[in-house]
Amino acid sequence: MKKKILFVDEDPLVLQGLQRSMRGMRNEWDMVFAESGTKALELMSHGDFDVIVSDMRMPGMNGAQLLNEVMTRYPRTVRLILSGHDDQDLVMRSVGSTHQYLTKPCEPDALRATINRASALGESLKDERIKTLVAQLGRLPSLPTLYVQVTEALQSGDASAGVVGEIVAKDIAMSAQLLKLVNSAFFSGKHRISSVVEAATFLGIDTIKSLVLCLHLFSKLDETRSSGIPMDALWAHSLRTASYAGTIARLMNCSQKMVDESYVSGLLHDVGRLVLAVNFPDRYSAVVASASGRKLQLSDAEREEFGATHADAGAYLLGLWGLPVPVVEAIALHHSPSLCTHMEFSPLTAVHVANVLAHEYNSSLNIGIPLELDWEYLKLANVDQQIGVWRKSVRNEHYGAD
Ligand SMILES: [Fe+2]
Ligand SMILES: [Fe+2]
């Protein structure tokens, strides 16, 4: 079926330009063009769109307001924004409602690739099974305010690690947890870190940001009693997967951005387990028991009970929160990377391998039958020869961390 893409820009010439440069896609995409946010919302009320690509600066309803509205009314539509360099104040207002920002002018090839990838992801999040699961979710944790504040500061353009550290430092409970963590064996620093500002400088802003998100989600689970999840083990597993994924991306000589996205994806890859456990503590412990007893993959047992897996649930939540497409993709497909529409190395590759290696390292979280690498995918991604080196490196680098 053709993907439905909605382009919004107040300038008819820009829309014509888009129509021309995207013409090659007309067999795969149904493209609709709107000259205002109001017009876009009207079009959306008549039918589902897979992706919306909006200009930021528009008279009347601007791109930030439009995408906020779309997020509330049509949460499964993937939201992309095109913004110029002087749009930072507006960008700040769309924090959380936008999946990806593209900077103007955007090359047609880059725009095409981004939309393709985003729409494939939207497809997996739109699945009927997820709709059924989400309809049952009474309590989705909200995006932590602290995370929003840090993201806003970053998008204002002049935030340094120091500024970010100062924002986080205002939250005493979060600071205490962060400091405990950065002084643990996972970050194996030579000297003790005594302030959040220092931690932000040492670890980098993206890492601090994702740690804030993850600590917040994990703290939510205190509310449940018998979820069938050994929390400490899952937390340790998430940190280990993150650091393995970051190492793997570094070994591939990826850009710093991709290294950071791999780390963040690793940290958050199993948050769906939290979402399911928080919402359905009894059913989730039954799923875990059934997977162990019947020697099933955890995902298969989850699918039997909920119609969707923890990977689906986690990706859905983080997609709603507007995490970048490569991160949501990595989380959605970490157990089934072959379903990905592109085969080049990405945070998904790093997290898929990191997760299996982390399970090899510590089997206490292994439920049912052990996880295996998807060799077919790894061959297509052209990294099957690297696994030995990756395994050795992560072991050397992280041995002893717990
Ligand atoms: Fe998983
Ligand atoms: Fe995992």
Side-chain angles (χ1 to χ4, degrees), residues 113 116-117 120-121 123-124 127 129 234 237-255 258-259 261-273 291-292 294-304 308-315 325-399:
N116 261 338
R117 191 166 178 179
L121 179 63
E123 196 54 44
S124 66
D127 196 289
R129 297 165 307 141
L234 185 59
H237 167 70
S238 303
L239 285 165
R240 183 173 292 112
T241 307
S243 104
Y244 285 8
T247 300
I248 289 170
R250 256 190 302 275
L251 287 170
M252 287 296 285
N253 290 321
C254 294
S255 63
M258 202 185 283
V259 172
E261 284 178 349
S262 300
Y263 185 93
V264 172
S265 308
L267 196 57
L268 298 169
H269 77 286
D270 273 339
V271 294
R273 292 209 205 180
S292 313
R294 293 158 58 211
K295 294 266 171 280
L296 291 176
Q297 292 276 8
L298 177 64
S299 300
D300 291 332
E302 289 169 342
R303 204 174 287 113
E304 249 181 43
T309 67
H310 68 273
D312 299 324
V325 170
V327 172
V328 180
E329 179 182 83
I331 291 160
L333 303 176
H334 72 273
H335 292 292
S336 48
S338 294
L339 297 178
C340 191
T341 50
H342 62 90
M343 288 299 149
E344 70 271 20
F345 182 91
S346 69
L348 169 63
T349 328
V351 170
H352 170 64
V353 176
N355 181 41
V356 174
L357 296 183
H359 275 283
E360 281 175 11
Y361 177 92
N362 181 351
S363 57
S364 75
L365 267 181
N366 288 352
I367 295 165
I369 48 174
L371 290 175
E372 279 172 18
L373 289 169
D374 183 339
W375 286 104
E376 211 170 303
Y377 164 79
L378 296 171
K379 273 198 194 91
L380 288 169
N382 209 12
V383 293
D384 54 314
Q385 306 290 327
Q386 313 289 323
I387 305 300
V389 178
W390 293 354
R391 182 180 271 120
K392 221 167 133 195
S393 292
V394 298
R395 284 292 147 76
N396 285 345
E397 196 171 319
H398 305 288
Y399 192 75

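All heavy atoms count here, side chains included; hydrogens, waters and symmetry mates do not.
A donor-acceptor contact closer than 3.5 angstrom is absent between the side chains of Ser336 and Tyr377. Checked by atom type, the side-chain pair Thr309/Asp312 shows a donor-acceptor distance below 3.5 Å.
Atom-to-atom distance recorded for Leu357:CG and Arg240:CZ is 11.0 Å, nearest 0.5 angstrom. Summarising the geometry, atom CD1 belonging to Ile331 is positioned 5.5 Å from atom OG belonging to Ser265; distances are rounded to the nearest 0.5 Å. How far CG of Asn382 is from CG of Asp384: 7.0 Å, rounded to the nearest 0.5 Å. Atom NE2 of His359 is separated from atom OG1 of Thr241 by 6.5 Å, given to the nearest 0.5 angstrom.
At most 12 heavy atoms of other shown residues, nucleotides or ligands fall within 6.0 angstrom of atom CD in Glu376. Counting heavy atoms of neighbouring residues, nucleotides and ligands inside a 6.0 Å radius, atom CD of Glu372 does not exceed 12 of them.
Here the closest heavy-atom approach between residue Pro370 and residue Gln297 is recorded as O-NE2, 4.0 Å. Contact record, Gly314 with Val271: CA-CG2, 3.9 Å, taken as the closest heavy-atom pair. Heavy atoms only, all atoms of each residue included: Ala332 and Ala315 are closest at CB-CB, 3.5 Å. Arg395 and Tyr361 make their closest contact through NH2-N, 3.8 Å (heavy atoms, listed as atom of the first residue, atom of the second, distance). Nearest heavy-atom pair, Ala301 versus Ala291, reported as atom, atom and distance to 0.1 Å: CB-CB, 3.8 Å. Across Met343 and Ser338, no two heavy atoms sit closer than the pair CE-O, 3.9 Å.
Between Pro326 and Ser346 there is no side-chain heavy-atom pair separated by less than 4.5 Å. Residues Asn116 and Thr341 have side chains not in contact (no heavy-atom distance under 4.5 Å, counting atoms from C-beta outward). Using a 4.5 Å heavy-atom threshold, the side chains of Glu360 and Leu371 count as separate. A heavy-atom distance below 4.5 Å is not found between the side chains of Thr247 and Tyr244. With contacts defined as side-chain heavy-atom distances shorter than 4.5 Å, the pair Leu267/Leu239 qualifies. A 4.5 Å side-chain heavy-atom check between Glu304 and Leu296 finds at least one atom pair inside the cut-off. Contact check for Phe345 versus Ile248: side-chain heavy atoms found under the 4.5 Å cut-off. Tyr263 places none of its side-chain heavy atoms less than 4.5 Å from the side chain of Arg250.
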| message | Could you walk me through whether Thr349 and Met252 satisfy the side-chain contact (heavy atoms from CB on, under 4.5 Å) test, starting with their C-alpha distance in whole Å, then the side-chain angles of each, then the deciding distance to 0.1 Å, before giving a yes or no? | response | CA-CA 11 Å; Thr349 328; Met252 287 296 285; over 6 Å; no
| request: Take His237 and Asp270, measure what side-chain contact (heavy atoms from CB on, under 4.5 Å) needs, and give me the verdict at the end. | output: CA-CA 9 Å; His237 167 70; Asp270 273 339; 3.3 Å; yes
| Can you check side chain to side chain donor-acceptor pair (under 3.5 Å) on Asp374 and His352, steps first, answer last? | CA-CA 8 Å; Asp374 183 339; His352 170 64; 5.4 Å; no
| request: Evaluate the criterion side-chain contact (heavy atoms from CB on, under 4.5 Å) for residue pair His335 and Leu298; output intermediate values, then yes/no. | output: CA-CA 10 Å; His335 292 292; Leu298 177 64; over 6 Å; no
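Looking at residues two or more places apart in sequence or on another chain, you find a ring-ring contact (aromatic ring centres under 6.0 Å, His included) between His334 and His269, His310. Evaluation of the salt bridge (Lys or Arg N to Asp or Glu O under 4.0 Å) rule for Asp300 yields Arg303 as partners, not counting sequence neighbours.
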